[in-house]
Every structure is written in structure tokens, then in C-alpha cells.
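Notes follow once the structure below has been shown.
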Amino acid sequence: MIKVNVKRNDNKVYELVIKGHAGYDVHGKDIVCAAVSSMAITTVNNIIALDDSVCYEENSGLLIIRVKRDTEVNNKLLDNLVRMLTEIKEQYPKNIEIRNED
């Protein structure tokens, strides 16, 4: 199962941790893992290209996104990422779990 931990301050994401594997299919054919990975990495790359206001750590089965400074760009893109992950969770509830911390 993919576990997503969203940390917020003043209703703004300041850290997002994505870890684990969905287990929907075998490694390399898992559409849930592929969707989550591509959405997360695309979001990080977009934020870095637009205003470089996040840093990230990536390791096999783990992605940690941390906000370096609060900007409108990272607020909107990280909120959008959480919404997209929530949509995947609704379709594949056995493969992804999202926890929100305020």
C-alpha cells in the first residue's frame, strides 16, 4: 500500500511524504504506482521550474517533498497533487492511504 502523509500549517502543505508500493500489480506493471509517481514527480518538477520553492528526497519507494518558502505556485500545485492523489484513493482504496496532519 502507498501511504501519503500530508502536513499542513495554516491550511498550506509544507511537507508531503509518499512511501511504499501499491501492490496493485507486479513491479513494473503497477498502474497505481505509476500514476502516483508520475503525478508527484511532475508536480515537483513544475514547482522547481517555476519558482524553486521546494526541495525533495527520492529513494526507492519513498518521496519526501518539503516547502522551502511559501509561494502561491507551490500552494496551488501541492494542493492539486493532494486532490489528484485523493481521486486515485477513491478508485483504489486498497492501494493508497492518505493521512492529513494539521
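Count residues from 1 along the sequence.
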*asked:* So does Met1 get a backbone contact from the side chain of Asn95, meaning a donor-acceptor N/O pair under 3.5 Å?
replied: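 The answer is no, because no donor-acceptor pair under 3.5 Å joins these two groups.
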_Could you check whether any side-chain N or O of Asn80 sits under 3.5 Å from a backbone N or O of Lys76, counting only pairs where one atom can act as donor and the other as acceptor?_
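Answer holds: no.
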Please give me the minimum heavy-atom distance between [X] and [Y], naming the atom from each residue.
| X | Y | answer |
| --- | --- | --- |
| Ser38 | Ala35 | OG-O, 3.2 Å |
| Gly23 | Asp30 | N-OD2, 3.2 Å |
| Cys33 | Ala22 | SG-N, 3.1 Å |
| Arg69 | Asp52 | NH1-O, 3.4 Å |
| Ala40 | Leu63 | CB-CD2, 3.4 Å |
| Val13 | Val67 | O-CG2, 3.3 Å |

*Neighbour count above 12 (heavy atom, 6.0 Å) for Asp102 CG*: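 Yes.
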_Looking at Lys19, I'd like to know if its NZ atom is crowded, meaning that more than 12 non-hydrogen atoms belonging to other residues, nucleotides or ligands lie closer than 6.0 Å._
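It does not: Lys19 NZ has 12 such atoms or fewer within range.
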*Is the closest side-chain heavy-atom distance between Leu50 and Leu77 below 4.5 Å?*
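A side-chain contact under 4.5 Å exists here.
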*pair Ile41-Glu58: side-chain heavy atoms closer than 4.5 Å*: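 Yes, close enough: below the 4.5 Å cut-off.
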*With Asn9, which residues qualify under side-chain hydrogen bond (donor to acceptor under 3.5 Å, both in side chains), at least two apart?*
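For Asn9, no residue satisfies side-chain hydrogen bond (donor to acceptor under 3.5 Å, both in side chains) once neighbours in sequence are set aside.
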Measure the spacing between [atom1] of [X] and [atom2] of [Y] and express it to the nearest 0.5 Å.
| X | Y | atom1 | atom2 | answer |
| --- | --- | --- | --- | --- |
| Leu16 | Tyr56 | CG | OH | 15.0 Å |
| Leu78 | Ser53 | CG | OG | 7.5 Å |
| Ile18 | Ile2 | CD1 | CD1 | 8.0 Å |
| His21 | Ser37 | NE2 | OG | 8.5 Å |
| Gln91 | Ile96 | CD | CD1 | 11.0 Å |
| Lys29 | Tyr24 | NZ | OH | 13.5 Å |

_Among Ile47, Asn74, Thr43, Leu81, exactly one meets side chain to side chain contact (heavy atoms under 4.5 Å, CB included) together with Ile65. Which residue is that?_
Leu81
*Ile31 vs Asp25, side-chain contact (heavy atoms from CB on, under 4.5 Å): CA-CA, chis, key distance, verdict*: CA-CA 7 Å; Ile31 61 172; Asp25 202 343; over 6 Å; no
*Should Arg8 and Asp79 count as an ion pair when the cut-off is N to O under 4.0 Å?*
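A salt bridge is present here (some side-chain N lies under 4.0 Å from a carboxylate O).
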*asked:* Between the side chains of Arg99 and Glu101, is the shortest nitrogen-to-carboxylate-oxygen separation below 4.0 Å, so that they form an ion pair?
replied: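 Between Arg99 and Glu101 there is no salt bridge, as every charged N stays at least 4.0 Å from the carboxylate O atoms.
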*Supply the members, apart from Leu62, of the Ile/Leu/Val/Met/Phe/Trp/Tyr cluster built from side-chain contacts under 4.5 Å; use none for a lone residue.*
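Via sub-4.5 Å side-chain contacts, Leu62 links to Val17, Ile64.
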